[in-house]
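I have placed the structure first, in the form of structure tokens, so that the comments after it can refer back to it.
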Amino acid sequence: MISIDPVNTEFVAEIGDVDLARLTDAVFAEIEAAFNRYAVLVFRHQPLTEGEQLDFARRFGELEVSIQPFVATPGGKRRIQTGFSDISNLDENGELLKDSDNRRLINLANQLWHTDSSFKRTPGKMSMLSAQHVVPSGGETEFADMRAAWDALPAERRHGLEHLVAEHDYFHSRKKVGLDPATITPERRALRPAVPQVFVRTHPASGRKSLVLASHITRIYGMDEADGRRLVDELMAYATQPQFVYTHRWAVDDVVLWDNRCTMHRGRPHDESLRRAMRRATVSDDGPTIPENWQPDRNHVDA
Ligand code: OGA
Ligand code: MN
């Protein structure tokens, strides 16, 4: 039996008495049950190899392939293998990124509240970070519970939200941190078209509803643009209040995984002259949240 220590009553749990490099199906089933209940799981002292981390992540589903239209990887060389997103301020040789390196932009976008890959038709289900280099202060990762935010929303404020459809755009959050729109060539745009996502969703395992928010949201279909932006801004501020947020302070060999279907997260700033390096494996959701044949001129989806 694994040990489960809730950090917040129903949001974050620290899991102990487990070696993630040597999992049995039975132990994984316990972890999966905890994942479905808490949404964020923290494991300490798990020095996983790249292969072990990918094997663990694969138990949750199909690994997502990460293509980042703006990430220069000279000669295709990477710091870590392609199954991962490189969440670090290091280059392919493990050296600190130069100020001019556009990979810094990706790191900055990670400091905005978001959920992973909601800018893809099939968004991320589970993401898992393992920490190799940590900074002594700053550089925390914060998680916000979108189920608790939904539950706490007054009934009259919830009204009408459940049928809304939002447009999510990879480039929207990048523009917010300084990406020059002129660099979004048609080729890059074709790699990352804007996509529709439900605005409220129900978690298949727990049956709990949650808001689907992210800094990738550009607009609400069928709503005046300014009104849509106001609604999204209001709910983003509401859903990230301290009572919905857990702050993770990293130690080397921490493994943290989270359910992108019902959380948002963001990285916090830190001294960029210090190394911070993590590997992220992400598993895709079971399919799109909006049917492929949905038309943007329809401003809602039937629940
Ligand atoms: C991520 C992410 C934030 C951080 O890995 O998906 O957004 O704290 N990370 O680095
Ligand atoms: Mn992220």
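Just so it is clear, the model here is predicted, and its values are computed rather than measured. Order of listing sets the numbers, starting from 1, for every ligand and every atom in it.
Of all protein heavy atoms, the one closest to atom 9 (N) of ligand 1 is Ile87 CG2, 4.0 Å.
Taking the Mn ion (ligand 2) as the corner point, the angle from Asp116 atom OD1 to His114 atom NE2 is about 100° (rounded to 10 degrees).
Put simply, no part of Glu142 is less than 4.0 Å from ligand 1, judged by heavy atoms. Within the 4.0 Å heavy-atom cutoff, Arg276 counts among the residues contacting ligand 1.
Close approach to Leu129 involves these atoms of ligand 1, each under 4.0 Å from a residue heavy atom: 5 (O). For ligand 1 and Arg280, the ligand atoms under 4.0 Å from any heavy atom of the residue are 1 (C), 5 (O), 6 (O). Close approach to Asp116 involves these atoms of ligand 1, each under 4.0 Å from a residue heavy atom: 6 (O).
Counting heavy atoms closer than 4.0 Å to ligand 1, residue His265 contributes side-chain atoms (C-beta onward) but none from N, CA, C or O. Proximity of Asn107 to ligand 1, defined as any heavy-atom pair under 4.0 Å, is not found for any part of the residue.
Taking any N or O of Trp258, backbone or side chain, none lies under 3.5 Å from an N or O belonging to ligand 1. Polar contact check, Trp250 against ligand 1: no nitrogen or oxygen pair lies under 3.5 Å apart. Not a single N or O atom of Arg268, backbone or side chain, sits closer than 3.5 Å to an N or O atom of ligand 1.
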